[in-house]
Amino acid sequence: MAGGALPGFRDFYPDEFAHRAHITGAWREVARRFAFVEYDGPPLEPLDLYTKKSGEEIVGQLYNFEDKGGRQVALRPEMTPTFARMVSARANALRKPVRWFSIPQLFRYERAQRGRLREHFQLNVDIVGEPSEVADAELLAVAIGIMAELGLGPADVRARVSDRRLLNGILAALGVAGDALGVAYSVLDKAGREPEAVARERLAKAGLHDAGVSAVIDLCAPAAIDRARQTLGSEPAVRESLERFDRYMTHLASLGLSAWVDEDLSIVRGLDYYTGIVFELFDAKGELRAICGGGRYDALLNDLGGVDLPALGFGMGDVVLGELLRERGLLPNAVGSGADLFVIGGPGASADGMAGALELVAALRRAGLSVDHAMSEDRYLAQAPRNQFESAKKSGALAAIYLDEGGLVTAKGLAGKLADAPVFSQARDAVVAADTTAIEGLQAFVGALRAAAATQP
RNA sequence: GUGGCUGUAGCUCAACUGGUUAGAGCACCGGCCUGUGGCGCCGGGGGUUGGGGGUUCAAGUCCCCUCAGCCACCCCA
C-alpha cells in the first residue's frame with residue numbers, strides 16, 4: 001500500500017498503542033519498585049557521539065543526516081552514550097550508586113525483519129558507582145521482575161548468565177591467545193547458530209591445536225562453568241573470577257531467581273565494552289531474538305566521559321517482547337473508548353434539547369468522570385432509544401445516562417443483559433449543580449461498574 | 001549490502017487453463033424492529049487488484065523494472 005509509514009516504522013493505532021502502553025507500563029512499574037528513577041535525553045545527537053567510540057563503520061547503521069545548520073547529526077541508535085555523557089557531567093554531584101532508567105525510542109538504518117525494525121522502544125536500566133556483584137544480581141532481578149510482571153514465568157523465559165573475566169581466565173588457562181582469542185569469542189557467540197564443523201575449522205585456522213579446539217567447543221555446553229569449577233578451580237587466573245561468579249549466583253538465589261537462571265559461557269554479548277558479568281534473556285523455546293541483554297561495563301564511562309566509575313546496565317526492546325507476549329496471549333484485549341458514561345436521549349430529552357445534554361455532559365466531566373456522547377442533535381433527540389443504547393454500548397462506555405422523567409438523570413450499566421443491568425438515578429439539577437452527594441453517588445455507581453468489568457475475562 | 005518467497009477493500013480471503021462494470025464474510029456508516037438480550041432485517045460507503053512499463057483483440061491472472069512485506073545471511077538492539 002502506498003502512503004504508509006516509512007519502512008521499519010510503525011503506526012500505533014489505539015489497539016497497538018494499548019499493547020505498547022501495557023509493556024512500557026510494566027517497565028515503569030517494576031523500575032519504580034526497584035527504586036530506579038527515570039531520565040531522558042535528546043532523540044537527535046551529534047553524529048560524533050557515536051563515531052568517536054565505535055568508528056566510522058557504524059555510520060552505515062545509523063539514521064544520520066546533515067541538519068540545516070550544517071551539523072552532522074544522527075537519531076540515537078542506543079542510549080548508553082547519552083547516559084554516559086549525562087552521568088559524567090555531574091559525576092561528582094550524583095549520589096552513588098546511581099540507579100536510573102529510561103525508555104527511549106531508538107533508531108537504526110537497517111533492513112527491517114521480524115523482531116528488528118528501524119525504530120523501537122527500549123528500556124534502559126543502569127547502575128553507576130557500585131563494583132559489588134550484588135549490583136549485578138539486582139540488575140538481573142529488574143529484568144526478571146519485568147517478565148513476571150507481564151505474566152511470563154521460568155518456563156517461558158530463560159536468563160543466561162556468564163562473566164567475561166571468568167571466560168578470559170578460562171581461555172588463558174587453556175592457552176588460547178592472540179588471534180585465537182577473538183575467534184574463540186566469535187565461536188562462543190555463534191554457538192548453536194553455526195555448525196560445529198565450521199567452528200572447529202575457524203579455530204584451527206586461528207592456530208589452535210586439536211585439543212585446544214575441542215576445549216573451546218566444550219565451553220559452549222551448559223555445564224562448562226561447572227567443569228571449570230572442578231578442573232580449573234585452582235588456576236590463579238580462574239579462581240578469583242569463579243569465586244565472584246559463585247557469589248553472584250548465591251545472591252540470585254537469595255533474591256528467589258534461581259529457577260530462571262542458567263549458567264552459559266556462550267553469552268558473550270556482541271560489543272566488547274562488557275568487562276564482567278553479562279546476561280541475556282531469551283524465550284524458552286529459543287525461537288525469537290534475545291529479549292534483553294546487558295552486563296557490567298566498568299571501563300566505558302571512562303572511555304566516553306572521562307569519569308572512572310564502575311557501571312552496569314541492560315537494554316530491553318519492545319519488539320521481541322511484544323511478539324512473545326502476543327504468542328502467549330498475554331497482551332490486553334482491545335477496548336473501546338473506555339468512557340465511564342455515554343449521554344443519550346431519554347424521556348426528558350426533548351424538554352431541554354441539546355442544551356440539556358451538553359450541560360449534563362459538562363457537569364459530569366467537571367466531576368472527573370470520563371464522558372462520551374453522540375455529538376449530534378439528530379441522534380440525541382430523534383434516534384430510536386434502542387439505537388442510542390446500541391451506539392453507547394459499541395463505544396465501550398460502562399454505562400449510558402439520560403434525562404429521565406421527573407427531573408431525574410438515570411444511568412444504566414451496559415454490560416450483560418437488561419434484566420441484570422444496574423440502574424442509578426439522581427436529581428438532574430443536583431448533578432448539574434455539582435451537589436456533593438449526587439456526584440459521589442454517580443462516582444460510586446461508575447466505580448462499581450468498573451470493578452465488575454475488571455473481573456470479566 | 002546479498003539471496004529466496006509474497007503483494008486483490010481496514011481485516012481474512014474468492015475470482016476455472018488471461019475473457020463482460022473484481023466478489024464474500026467481518027469491520028465501518030445510515031435506517032427499521034418506539035429502551036440495548038453481545039441478536040435480526042434493509043440499505044450504503046470503500047479497491048485505477050502495491051506502482052510503472054510491456055505482450056495480447058483482451059491482464060488481478062503472462063514478462064520486465066520498481067517499491068513494500070516476510071524469511072535466511074550480514075550485523076547487532
Side-chain angles (χ1 to χ4, degrees), chain A residues 1-11 13-16 50 54 57-63 75-81 104-124 186 189-190 193-194 198 268-274 280-281 287-295 313-321 323 334 336 342 344-350 374 376 378-379 381-405 410-421 423 456-457:
Chain A
M1 289 295 129
L6 285 169
F9 285 77
R10 298 169 288 176
D11 287 328
Y13 288 85
D15 285 352
E16 285 110 41
Y50 306 109
S54 310
E57 63 274 20
I58 198 175
V59 175
Q61 313 270 303
L62 288 178
Y63 225 107
L75 290 164
R76 60 186 174 194
E78 56 170 331
M79 200 57 178
T80 303
Q105 188 174 20
L106 304 178
F107 306 86
R108 288 238 170 151
Y109 197 88
E110 285 188 313
R111 184 122 172 211
Q113 278 182 51
R114 183 177 190 212
R116 192 174 182 78
L117 305 170
R118 286 183 174 176
E119 145 275 322
H120 75 149
F121 291 89
Q122 188 191 65
L123 170 67
N124 278 250
S186 170
D189 190 36
K190 285 187 159 67
R193 286 182 287 132
E194 101 183 321
V198 175
V268 177
R269 301 291 304 147
L271 263 299
D272 52 14
Y273 57 71
Y274 287 103
E280 291 186 351
L281 259 50
E287 292 170 349
L288 303 172
R289 295 167 186 277
I291 296 166
C292 161
F314 72 78
M316 180 186 293
D318 71 312
V319 179
V320 175
L321 182 57
E323 282 172 3
F342 194 109
I344 63 174
S350 54
S376 153
D378 283 347
R379 284 196 291 274
L381 295 171
Q383 193 176 40
R386 68 189 331 153
N387 291 334
Q388 294 200 51
F389 271 97
E390 184 117 12
S391 296
K393 189 169 193 164
K394 280 186 178 174
S395 79
L398 290 169
I401 185 166
Y402 54 90
L403 295 177
D404 208 347
E405 292 162 322
T410 298
K412 186 171 281 192
L414 289 167
K417 298 181 177 181
L418 171 64
D420 308 331
V423 175
Q456 297 296 314

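Throughout, a chain's letter reflects where its sequence line sits, starting with A, and its residues are numbered from 1.
Under 4.0 angstrom from either OP1 or OP2 of B:C75 there lies at least one side-chain N or O belonging to A:K190. In terms of phosphate contacts, A:R108 brings no side-chain nitrogen or oxygen within less than 4.0 Å of OP1 or OP2 of B:C75. Remark: A:N387 is in phosphate contact with B:C32, judged by side-chain N or O atoms under 4.0 Å from OP1 or OP2. The side chain of A:R386 places an N or O atom within less than 4.0 Å of a non-bridging phosphate oxygen (OP1 or OP2) of B:U36.
Atom P of B:G50 sits at a distance of 14 Å from the matching atom of B:U6, rounded to the whole Å. Comparing the C1' positions of B:A24 and B:C62 gives a spacing of 27 Å, expressed to the nearest Å. Comparing the same atom, P, in B:G40 and in B:C26 gives a spacing of 8 Å after rounding to whole Å. Distance noted for atom C1' between B:C76 and B:G4: 23 Å (whole Å). Across B:U56 and B:G43, the matching P atoms stand 45 Å from one another, rounded to whole Å. Between the C1' atoms of B:U12 and B:G53, the separation comes to 32 Å (whole Å). Rounded to a whole angstrom, the distance from the C1' atom of B:C67 to that of B:A77 is 27 Å. On the P atoms, B:G3 is 32 Å away from B:G10, given to the nearest whole Å.
Heavy atoms of A:L321 sit nowhere under 4.0 angstrom from any nucleic acid atom. Across all strands shown, A:A112 has heavy atoms under 4.0 Å from sugar-phosphate atoms exclusively, and none from any base. No engagement by A:G413 is indicated, since no non-hydrogen atom pair under 4.0 Å with the nucleic acid exists.
Ranking B:A77, B:C75, B:G35 by closeness to the A:Q61 side chain, first place goes to B:C75. Nearest nucleotide to the A:Q122 side chain, out of B:A77, B:G35, B:C76: B:A77.
Across the protein-nucleic acid pair, A:I401 atom CD1 and B:U36 atom P stand 18 Å apart, rounded to whole Å. Remark: C1' of B:U36 and NZ of A:K412 are 9 Å apart, rounded to the nearest angstrom. Per the geometry, CZ belonging to A:R116 stands 14 Å off C1' belonging to B:C71, to the nearest Å. The nearest whole Å value for the distance from the CD atom in A:E16 to the P atom in B:G10 is 15 Å. At whole-Å resolution of the value, CD in A:Q388 and P in B:C29 are 15 Å apart. Distance A:D11 CG to B:G10 C1': 13 Å, rounded to the nearest Å. Between the CD1 atom of A:I344 and the P atom of B:U36 there is a distance of 11 Å, given to the nearest Å. Rounded to whole Å, atom P of B:C75 lies 23 Å from atom OH of A:Y50.
The base of B:C74 has none of its N or O atoms less than 3.5 Å from a complementary donor or acceptor on the side chain of A:R111.
Taking 4.5 Å as the limit, some side-chain heavy atom of A:L117 sits within range of a side-chain heavy atom of A:V319. For the pair A:Y50/A:R76, a side-chain contact is recorded, criterion being any heavy-atom separation below 4.5 Å from C-beta on. At a threshold of 4.5 Å between non-hydrogen side-chain atoms, the residues A:L62 and A:P77 count as touching.
Pairing partner, B:G3: B:C71, with both Watson-Crick or wobble hydrogen-bond distances short of 3.5 Å. In a base pair of the Watson-Crick type (N1 to N3 plus N6-O4 or O6-N4) or a G-U wobble (N1-O2 and O6-N3), with each distance short of 3.5 Å, B:U55 is matched with no nucleotide. Of all nucleotides present, only B:C42 satisfies the Watson-Crick or G-U wobble test against B:G30, with each distance under 3.5 Å. The base-pairing partner of B:C76, taking Watson-Crick or G-U wobble contacts with both distances under 3.5 Å, does not exist among the strands shown. Across all strands shown, B:C11 forms a Watson-Crick or G-U wobble pair, both distances under 3.5 Å, with B:G25. Base pairing of B:U36: no nucleotide in any strand meets the Watson-Crick or G-U wobble criterion (both distances under 3.5 Å).
Geometrically, A:R118 engages A:Y109 in a cation-pi contact defined by less than 6.0 Å to the ring centre and at most 45° from the axis.
Nearest heavy atoms, A:M79 versus A:L106: N-CD2, 4.2 Å. Closest non-hydrogen pair, A:A397 versus A:L414, comes out as O-CD1, 3.6 Å.
Of the inter-residue distances, the one linking A:N124 atom CG with A:M316 atom CE reads 10.5 Å to the nearest 0.5 angstrom.
With the nearest nucleotide of RNA chain B identified for both A:R379 and A:R289, A:R379 has the one nearer the 5' end. If you find the closest nucleotide of RNA chain B to A:R118 and to A:F9, the one lying nearer the 5' end belongs to A:F9.
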Take A:E119 and A:Q105, measure what side-chain contact (heavy atoms from CB on, under 4.5 Å) needs, and give me the verdict at the end. CA-CA 7 Å; A:E119 145 275 322; A:Q105 188 174 20; 2.9 Å; yes
